[in-house]
There are 2 protein chains.
Amino acid sequence: MKRNSRLSSILHILVHMAEKPEQALTSEQLATFIHTNPVVVRRTIAGLRDAGIVTSSRGHGGGWLLGRAPEGISLAEISAALGETLLPFSTEPESPGCLVEQAVIAVLDDFRVAAEKLLAEKLSRITLADLTADFRRRYDLIGVSSHAV
Amino acid sequence: MKRNSRLSSILHILVHMAEKPEQALTSEQLATFIHTNPVVVRRTIAGLRDAGIVTSSRGHGGGWLLGRAPEGISLAEISAALGETLLPFSTEPESPGCLVEQAVIAVLDDFRVAAEKLLAEKLSRITLADLTADFRRRYDLIGVSSHAV
DNA sequence: TTTCATGTAACCTAATTAGTTACAATATCA
DNA sequence: TGATATTGTAACTAATTAGGTTACATGAAA
């Protein structure tokens with residue numbers, strides 16, 4: 001798994017899970033989808049489990065399942081559960097007492113709040129179901145075209 | 001200068017420059033504002049020079065000046081000149097041929113394009129002049145309150 | 001009771017980025 | 001013209017981060 005590709009990797013995994021709704025997939029299987037290893041997968045989706053987006057079970061036949069229907073899982077929730085900020089610029093004061101810095105930080109933080117709200121709204125309108133639908137379109141298209149050839 | 005604080009650090013520098021419009025400030029002076037060293041400053045604002053946001057001159061009495069009036073310098077330009085993306089999630093394919101991944105990347109890229117447009121619009125409406133105005137408000141406020149005490 | 005799976009801590013490694021050193025190029029001033 | 005001040009930039013070092021790996025405890029099913 002490359003750097004900064006956590007969101008897309010996890011979505012990749014979730015769509016595969018959505019395509020096999022009744023079959024628990026192991027960390028091992030999920031890891032192969034995104035070319036990494038099981039421990040990284042478990043570590044990464046631990047937050048999704050805490051958010052109820054997925055469930056896990058141990059032991060023989062165990063593994064991972066979606067916590068609810070894909071229609072009820074938005075990208076906003078997933079992104080939040082990964083604990084990543086979409087706007088990763090820092091506004092930590094480094095010169096306490098400098099009014100110039102305070103002004104910069106104030107403006108930047110205002111921007112951040114407004115921007116995060118906008119992005120969260122956009123992301124909340126995209127669900128896992130939208131991704132699976134897009135996948136199926138592609139799948140059907142390939143099916144048709146390879147049939148045609 | 002901490003990680004991920006390039007944008008706020010550079011804004012910090014630019015506001016200081018805007019407050020001394022006729023005086024060329026050296027990399028050394030700029031570096032002290034953001035607690036780093038001159039080479040890091042030169043390296044970091046090289047992009048701003050290329051974009052015409054600042055100008056530099058060598059030799060005795062040389063240093064850095066704003067390339068134009070603060071009213072004409074937007075945060076969108078500054079951010080772009082720094083070469084940073086506001087939405088740093090990767091959508092590089094890691095499993096070429098996987099339709100699930102392709103669907104994920106397509107949706108994510110659509111989101112990114114729309115989001116970047118929104119953010120750029122918001123940032124283009126904030127100028128360096130807004131930051132200096134905010135700074136001066138703070139400055140006057142402190143002046144008044146310390147006078148009152 | 002054996003096997004299969006997650007949970008998690010601890011450590012290793014690779015990648016990134018800031019910091020540093022060194023020096024060439026250039027401009028000013030005495 | 002020579003001394004000094006300044007940017008430009010390459011090359012290297014150090015610190016930080018995040019992914020990868022190993023090890024093992026916990027728990028569930030056959």
Side-chain angles (χ1 to χ4, degrees), chain A residues 1-10 12-13 17 20 23-67 81-85 88-90 92 94-95, chain B residues 1-10 12-13 17 20 23-67 81-85 88-90 92 94-95:
Chain A
M1 182 166 67
K2 286 184 194 145
R3 284 206 160 197
N4 291 336
S5 59
R6 282 175 61 182
L7 180 57
S8 79
S9 292
I10 268 45
H12 185 167
I13 280 177
M17 288 170 66
K20 301 272 190 185
Q23 184 187 341
L25 298 175
T26 67
S27 307
E28 185 90 37
Q29 293 172 302
L30 298 180
T32 63
F33 291 140
I34 58 172
H35 302 112
T36 183
N37 72 68
V39 178
V40 172
V41 168
R42 292 200 280 269
R43 188 196 288 158
T44 308
I45 62 180
L48 303 203
R49 183 188 53 225
D50 300 340
I53 295 167
V54 297
T55 63
S56 63
S57 54
R58 304 186 185 201
H60 197 112
W64 301 83
L65 288 170
L66 290 185
L82 285 174
E84 293 184 328
T85 168
F89 57 82
S90 162
E92 286 282 296
E94 297 181 47
S95 308
Chain B
M1 181 167 66
K2 286 185 194 142
R3 285 205 159 195
N4 291 337
S5 58
R6 281 175 62 182
L7 180 56
S8 79
S9 291
I10 267 45
H12 185 167
I13 281 176
M17 289 169 65
K20 302 271 190 183
Q23 182 186 344
L25 297 176
T26 67
S27 309
E28 185 90 36
Q29 293 173 302
L30 298 180
T32 63
F33 291 140
I34 58 173
H35 302 112
T36 182
N37 73 67
V39 177
V40 172
V41 168
R42 291 200 281 269
R43 189 195 286 156
T44 308
I45 62 180
L48 303 203
R49 184 187 53 224
D50 299 343
I53 295 167
V54 296
T55 63
S56 62
S57 56
R58 304 188 187 200
H60 195 111
W64 301 85
L65 288 170
L66 291 185
L82 284 175
E84 294 183 328
T85 167
F89 57 83
S90 163
E92 287 283 297
E94 298 180 46
S95 307

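Every heavy atom of this structure was used, including side-chain atoms; hydrogens, water molecules and symmetry mates were not. Naming convention: chains lettered A, B, ... in sequence-line order (proteins, then strands); numbering from 1 in each chain.
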Quick one: label A/R6 by what it contacts on the DNA or RNA (base, sugar-phosphate, nothing), any heavy atom closer than 4.0 Å. sugar-phosphate
Between residues 34-41 of chain A and DNA chain D, which residues have a heavy-atom gap below 4.0 Å? A/T36, A/N37, A/V39, A/V40
At 4.0 Å (heavy atoms only), tell me whether A/G61 reaches a base, stays on the sugar-phosphate, or touches nothing. nothing
Across the strands shown, which category fits B/G59 at heavy-atom distances under 4.0 angstrom: base, sugar-phosphate, nothing? base
Check if the side chain of A/R43 and the base of D/dG20 share a donor-acceptor pair of N or O atoms closer than 3.5 Å. yes
Side-chain donor/acceptor contact of A/R58 with base of D/dT26 under 3.5 Å: yes
Which atom names give the shortest non-hydrogen contact between B/K2 and A/E94, and what distance separates them? N-OE1, 3.3 Å
Nearest heavy-atom approach of B/L65 to B/M17 is C-CE, 3.3 Å
Just to verify, what does B/A46 make a side chain to side chain contact (heavy atoms under 4.5 Å, CB included) with, not counting sequence neighbours? B/R49
Is any side-chain nitrogen or oxygen of B/S27 closer than 4.0 Å to OP1 or OP2 of D/dT7? yes
Heavy-atom pair of closest approach, residues B/A51 and B/A81: CB-CB, 3.9 Å
Taking donor-acceptor contacts at under 3.5 Å, does the side chain of B/R42 reach the base of D/dG8? yes
